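Data block below; observations after.
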Amino acid sequence: MRWGTIFFALCLSASSESVTSYTNNVPPGESGERYDEDLFIRPLLDGRVATTFTFTTDLLGNVSRQSESSGQHYTLFPLTLGQILREYSIAELHLTLNSGKWNYDHWGYPDDPSVGTGAELWAWMADGPSSTIDERWTGLRNALAGLFCASLGSLDTRHTSSPSTVFPISFSSSIPHGLRYANLPSENVCTENLTPFVKLLPCKSRAGLATLLNPQRIFDADWHGLSIHLRSTEVGTELKLGVQAVFDPVRLSGGRRRDWSFRLLFDRIIHDSCLVATSSVVRVQIPDSGSHTLSPASVVDDNLTAMYNLMTQAPLDVSMSWPHEHTFQYPHVHESRLTPLSIQRTLHGSSQIHGHLFIALTNNGHHDIVVGYFENLPALVTLWMHTMEIKVDGTERNELISNVSYRPHQVLANGQKSPSTFQAILTVPASSTLHLSMEISRAFLKYTEHPPDAMRGWDLPPAILFPVCEPAMGICGMQNTSAGMRDRMYTPTLLIDLPTPDFSMPYNVIIFSCTLITLIFGSIFNLLTRTWVIVRVED
Amino acid sequence: MESPLFLPTLAACRLLLAWVQLPVLDGLQLDHQLTSPLTSYFRLKEGLWLYHHGVDPYLGGVLKHSPLFLSLFSTVSPGRVAWALSDIVGAWALVRIWHSRQQLGQSRRDGLVGAAYLLNPYILLPSLASSTSTFENAVVLLTLMFAAEGRPSPALLALALSIHLSLSTSLLLVPVLMLLVTSPTSRLASPRPFGGSYWMVFKYASEFVVYWSVLVCAASIMAGGVWNWMHESWGASLILPDLTPNPGLWWYFFTEMFDHFRPFFLMVFSTHLAIYIMPVCIKFQHDALYAAFLLLGILGTFKPYLTLADPGLFLSMFAVFPEIYPYLRHAVVTALLHAHASLLLPLFHALWVIEGRGNANFYYAASLVMGVAGGAGIVDACFAGMRIAIGNGSEAERGKWEVVQQ
Amino acid sequence: MSLIPIASLSQGTYIDENALQPAQVNTYWNWQDVHRADQYLYHLEGLRDRNSTSEERAQFIRNELANLGLRAATQNYTFTASSGLLSGVNAYAIMASPRTPSSEAMVISATWRSEVGKEPYNLRGISIVLALAAFLKNYSLWAKDIIFVIGDGYLDGMQAWLNAYHGTIPPNLETSLLEYTSGVIWTALNIDYSGHSFSHLGVFFEGLNGRLPNQDLINSVRLISHYTGGVPFIVYDHLEPNDFPDRWQTTSILANAPDFIRQSPQLQDFEYRAKNIVRHINYQARGKPSGAHGLYHKFRIDAITLFAVPATGPHGFLALGRIVESALRTTNNLLERLHASFFFYLFTSPGTFMKIGKFLPSAVLVSAAMMISGLGDWVNAGWLHEAVTENDREEAAAGGPSSKIQGKKMVRWRMRRRPLLRPIFTVLGTHVMGLLAFNLMRSPIFVENHLAASLLLFGALTILPFVFASLPDRTPEVAPFSLLLKSFNLCLASIVISTTSLLNFSLAAILAITLAVPLMYSSCSRSSPPRIVSLAKYVTYSFLAWGWLFLRDEVKQAIWNWEVLGIWFAPFICIVYGPLVTQAGVVSLQP
Amino acid sequence: MHWLQHLSRHCLLLLACLSALTLAIPQEERVSNFFGRHTGTSGHTNNWAVLVCASRYWFNYRHMANALGMYRTVKRLGIPDSNIILMLADDTACNARNQFPGSVYAKAGRHLDLYGDNIEVDYRGYEVTVENFIRLLTGRVDPSVPRSKRLLTDDRSNIFVYMTGHGGNEFLKFQDNEEISAFDIADAFEQMWQKKRYNEILFMIDTCQANTMYSQFYSPNILATGSSEIGENSYSHENDNDIGVSVIDSYTHFVLEFMEGINKTSQVSMQDLFSSYDPVKIRSHPGVRSDLFQRPLESALITDFFGGVSQAEIFPVIEDADTTTQHIIRVSSPDHVVPPDPVSPQAHNGQDFDKANATAVMPQKDAVALDVRWRDIRKWTSIVIVGFLVGWVSLVR
């Protein structure tokens, strides 16, 4: 295989290069493909380093519509994804596998907005005559599960909802499309997911930026995630494969320094570039404060990013160091909140049956912020909507919530319960904290419905805050101003433990209950049926 | 207590209690002993919220009440006064039943009968927890009262209403019909074959069907559909979708039941309830009121989604049948069993879900004790109700003979 | 009951939860970290010496934690109890563990004050917590967030923090919700290291209202302190007889007994176990936590306090740090909430414990005996007059389940109603009285002038039932009120004991001891004693019931515990214990 | 003699890749008929491995390590990932408790990382259930299950089945809450035999009382071996104090140690493996059951099960073939018995999703008003009806 593809890649890259060299970065003609890779590195305030790999493959000329188009002729575009695309007539597909908790306050917005813990999958599919959307959704889930070695098969109707306002379709088309969204917070990401992921890249992990994807290091990062974004554009289909990781050089250096380099972070350097790539760049954001040295030196453009072109600077090991600081001093958090909103989502109460779902949104800016709030809760949790309270520093402010739409979970034909979805638009007043709290109660399940580790509990998926800009909603969040929300934000997941029955002795319970019932039944009928007699006792 | 003012003062106190704000009461609302999914006011309020926000309240499996509750509570929003009033109405009905059983207007025992209902903790606590079982109990008592006073239409309407509110009350259908065509006075001591005319029974039955179907229509109009609310409110007591713990015997049994046996045992448990109707009614054909009393006892022990209000009704009705007291075999034991159960249930419940150091079996054990207590009550009442027919001979031949069953 | 300490009755402890894997890891806590801890200690001592306010202390700790890059904050709180206001400032920090959704957390805490040892301040405990914070954050193997909490005061600070963390803020607590939160907390370690250095590591485990932590936690810490830290592990601060015999002699009550007793290992062992159990009962029966860890239990968090038993060596920060690190690795291994092992047990010695099945009978037997005698009295009440006379009406009067009359219904009802209703109302009355008394005791007036108030209250509590109950039965024919009351009283008491015994064995045991005798012998003789004797008896009973009112500090403490910590001891005594004994007194009053 | 065998094997290879190019079943049949069953050597054309780690939880690290050790060995000996079904009930490599993320070590020294950077876990986490395992073996899987999760064997396949976990007398615990019994596995194998899904099976199991697990087999051509006798525990080999748990079971440890000496062309036979068992070192008595196996153990090569017949350079073709023909195969119904799709009833659920959105998502104002009015009407009618009923009843006497 290896030699085959390499040879393949070589001859092909030659051609593609010639194309690009002639028409430099003008999108090639119909049914052309181009592949770009990009690594963006952001040193963060708390000494951590956020790295974002983006591998973009553009497939020009729209394939995803007509089902049996020239599938085998892909050269750069991964074949397997192409088939999935066609078979389930996907218009848009987003799959992310993350682990860790994205710290918005210190790290700011992620470069790829979908950072919800666990697996998240949402897709817009055309509603074809051949098969309904839900059949396609099932097929898609299983296909992806097989492709990425993730247990996406369990993203079944118990987790699936269709919040089309939260995840709007990115383009308009004549065919009716349907959205399916599901998330699995307990899913973890590991090497077995990265392996097939890398295999989708034209150069695999042998050349180009993908060289740096060293599982032992990626999965040691404080936060790491894989993402596949597939969307049809007017000109064709765009596939974005992304890897995000937030490293902590301070931890790696034993709590001392925040210097970083490819060698330190990935334990590898880039030896040669991927020839088939049209462009392959490494961008480093320069922190505006602190005296640091960046090597190899590079030109810094106006928005403080240093650029390296892998095509020309092939063996590359970028490193950044702060020679003048002996040990890294952590900045105090209070003055530095990088996002306009700070989110807190917790479960209150200590009882196992009843509690409060509590969300605190702190507006760090000086303008009111209008955000949409979306919960997609599995049926183990019942929201009690009539107990909803919105408070700003202790006083009821019910006018701050609007467009509440709530859909309780319902029993589906296959016996499973669909999740309950709650969606509303919240207005967070300037520089104050909004408390939204609802009472919840936890379901009592049959003992067969509990997972093997029942005493651990269940992970509740993260809630999503999304910018509201649909004119249909009347109001529009102020994205244009800096105070507005730029992108989706995910709250942390929650662990909720349900009251558990006893797993060891179902038989005893059945026996005891039946015994008691028969005892009473028997004695009553005994009384009712037998006749009374008077016997004389001789003494 | 003999004073005629006793009852009114008691009622007044109960009304006052409705206005007193105690921090404890909020906790009571969610207590599993006092409210079940079918009767919790908390869920009703959620249903109202959904209803007002244009979501079908019967969608999420949250609301299991009758739609009539929805229409009532969405028009008037009664405070806890409503519960106090319905308690008082229930007590009043009980006293009226007592009167019509004794065929007299006033008696010195009224106070006791009323107190037996108003002061019964099993009745008082659920209504403080504003569980709708209070209303159901009151309606049941009204049914019996009207039936005892020989007013068929009100009785049948009340019966239809109570069956509409909670399906398992349909056990009472037969005895109430019998009671309508016979007299409520105590015939326990002197049994006789059923005297009423079957034609009348049939007539009343058909009248009942009319009322009942009208109520169903009203409910369906309210719910904007027939199936969803029936499935949620009546189906709940048949297929037990919600396994919230309660003092009854169903929930843990079906929590631990294997899935493929579940339907079968659901059928068994439901028919088991119905099995008692005929034998009891035949055996006590001479005293339909007593038959109804016994069936209430059955309900108070074996009902799905049992709450303390159900055994409470049975225990309170003991006050109406003083003639059987001498023949109760183990009244004290039953009382002690109930005392134990009522202490153990909340304690073990807390141990399991609040403190997390005991597991579900603790609470299950407590509910078993509850079951035993209920069973003891029924068996004893059943025994005494028949034993009284033989009575005790004169003083002279005490110890000369024994009464046994063969 | 006195057999409980016997060695052969208790069995060895073992670990039930597979996940824990205690003492199977290398520990990396070393002298460098000890040095850091010493530096913290230096600063803290400075703060203590210039007796700084809680605000300053909390700010210092918060800054230190923030400098480590943790999300640190402080929490102000104020409790309003009937005995006055109580306020302070907590400091805490959350170490978000890498690679996890941070939906689980574990806690290491220390409180500013320590009440076990001689040292009033738990400075070393706090400094080791800080040093641990600096040390632990360099490792990426934490599956749970680690929360470092420094509680102000002894119990109040931790109580305030826990309530704020779980969002269950009672009306009498004035504080804000926490700035930073993390996930569900399963286990917590509370460190109490007030002395200079220590010889043994003692464990305190009793929690609020007698709740005990899961035994696995204690056992695994015991193993760790043996194998990882090399520190002998004991229950409370009771030294085992065999090691440190010299210090043993000074503490033992057998010290000045004749030699052959003092030397016999069995007796020493017995005394040692007995001491542990008495200490345990003393904590548990009052529902009083034996340390800050006890407050966690209310929130289903299994927590213990590690107490460094003060001594002149040999151990210090190094050993303790190792033990805590290893213990954290162990709790970090937890995949489910601790549920496997025992929640109901008696620790007779660090290595041995008693299952509930072993010690429960001792209390249940007593309650069963009371129940039986109560039922006996009930029957007596029914049959009482039959022997005396053959008159029908008395039979009727005898009432109960045994009267044998057919006719004259109305008559019989009237007569059998009185004997039943009066005792019932007496019982209810006394309990209501207790409730009122309890509410009275919480009023500030009572607190201010305690002696007078308690005198008044005591008088009232004595006179009221006297007046109410001493009026004699009108007709001599009915079953004596006293006998019925006694049977009710006994049955009630037995129910109380048997239900309490599972929740809080120590309390049940104490009740069994204090209630059984007086209640059984409240009305001993058929022949009615002279008035004065019965009066005296009544007074003694009421002293038994309410005499504790005069113990000022006890009452004050109990009330405070109820108001701030929510310990049921005070209400229980007022509403259950007192009335029960009073009923017995009323019984004794009757001829 | 040997060169003959090689020759035959090589032309088999040729045919294997030919047949694999288009995965058309009849051709396979023809091939197999052409060769007939059971010449002196194992007449197999492809190798498959099913490696199951049945137990969950971090403290069962060693079971994961067992399975992964086998995975690495079979992969080293040439079975491609597409022919390995790896079932891991939990994720130790990326478990937050793992000090060495992305790595699993089977020795205290931590020299060799079993996880590597190229691994494909086919069933993981809660997916590892008894049902899925049996379905995998018998091929009764849902049509939407991808190929990577299927055991696409034929009557020319040699299958190596390895299981590890916590077990007992004639059962093995999956995920610590459900058990698979020896009878289940035996019946599954019998079904496979009847459906011509295997040529030979090597069944290896490492658990407590492991030898009881293969006691119920009755299908031909199964060679079974286990770690310990009935009433005997299998112990872990060693403990790593940085990982904090024991890292491998001793039986598997020694088997792997033996396997280290094997390469793709070595002629070592199963007999050599079995005779290498040392009860003293393993601390339990491993067992072998060869009565169903029709060849002498001396002539049964290790590589018949552990090694891939087809050599490395041919896989790409197969893989490509797989992927290209994937959807075709989907369309043409495969020979598996297909249970009705459990989730198909979603179909109309789909509609009410969209309907729900129509209503749920921000209804227009006038619609709201109308809705409210209609609700009131319903409410009042119901009330009026009941009120009328009550009034009438109270009037009638």
Side-chain angles (χ1 to χ4, degrees), chain C residues 15-30 95-106 135-146 182-184 186-187 216 220 223-224 227-229 322-323 325-340, chain D residues 53-65 88-105 107-110 113 115 124-126 128 164-168 173-177 207-208 233-249:
Chain C
I15 291 195
D16 213 335
E17 170 69 61
N18 295 327
L20 286 168
Q21 311 262 325
Q24 289 197 13
V25 292
N26 301 332
T27 52
Y28 293 96
W29 171 270
N30 56 25
M95 187 191 105
S97 60
R99 308 190 264 142
T100 63
S102 73
S103 56
E104 304 165 35
M106 47 190 180
F135 167 72
L136 297 174
K137 79 178 177 54
N138 294 328
Y139 294 87
S140 71
L141 48 79
W142 303 115
K144 302 167 163 53
D145 287 6
I146 305 182
S182 175
V184 183
W186 286 347
T187 56
D216 275 340
S220 38
L223 288 182
I224 288 168
Y227 296 112
T228 308
R322 288 231 169 104
I323 292 171
E325 181 193 354
S326 182
L328 283 176
R329 285 291 293 275
T330 292
T331 48
N332 183 48
N333 280 343
L334 267 185
L335 300 143
E336 305 182 58
R337 194 184 285 274
L338 278 169
H339 62 282
Chain D
C53 160
S55 58
R56 189 175 186 74
Y57 304 136
W58 164 248
F59 56 88
N60 291 325
Y61 187 99
R62 62 178 190 279
H63 294 147
M64 259 63 77
L88 288 184
D90 203 348
D91 171 36
T92 46
C94 291
N95 190 318
R97 294 166 182 81
N98 189 348
Q99 197 166 356
F100 311 95
S103 328
V104 173
Y105 296 104
K107 281 204 180 62
R110 295 196 302 277
D113 173 15
Y115 222 62
R124 74 171 184 177
Y126 294 122
V128 181
T164 179
H166 290 289
K173 279 166 86 181
F174 270 60
Q175 308 255 357
D176 279 9
N177 78 333
T207 173
C208 297
N233 288 348
S234 308
Y235 294 99
S236 65
H237 179 62
E238 57 186 341
N239 185 327
D240 181 306
N241 282 340
D242 282 329
I243 300 174
V245 288
S246 46
V247 289
I248 195 165
D249 281 327

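The structure displayed is predicted, hence computed values, not measured ones. Sequence lines set the chain letters: A, B, ... in the order given, protein chains first and strands last, and positions in each chain run from 1.
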If I compare all heavy atoms of Ala96(D) with all of Thr100(C), which pair ends up nearest, and what's the gap?
CB-CG2, 3.3 Å

More than 12 heavy atoms of other groups within 6.0 Å of Tyr227(C) OH
no

Asn333(C) meets the side-chain contact (heavy atoms from CB on, under 4.5 Å) criterion, sequence neighbours left out, with Gln21(C), Trp58(D), Arg97(D)

Please flag which part of Asn239(D) lies under 4.5 Å from any non-hydrogen atom of chain C: side chain, backbone, both or neither.
side chain

Separation of Asp90(D) CG from Leu335(C) CG (nearest 0.5 Å)
7.5 Å

Calculate, to the nearest 0.5 Å, the distance between atoms CD and CD1 belonging to Gln24(C) and Ile243(D) respectively.
12.0 Å

In this structure, which one of Asn26(C), Val25(C), Thr27(C) forms a side chain to side chain contact (heavy atoms under 4.5 Å, CB included) with Asn241(D)?
Asn26(C)

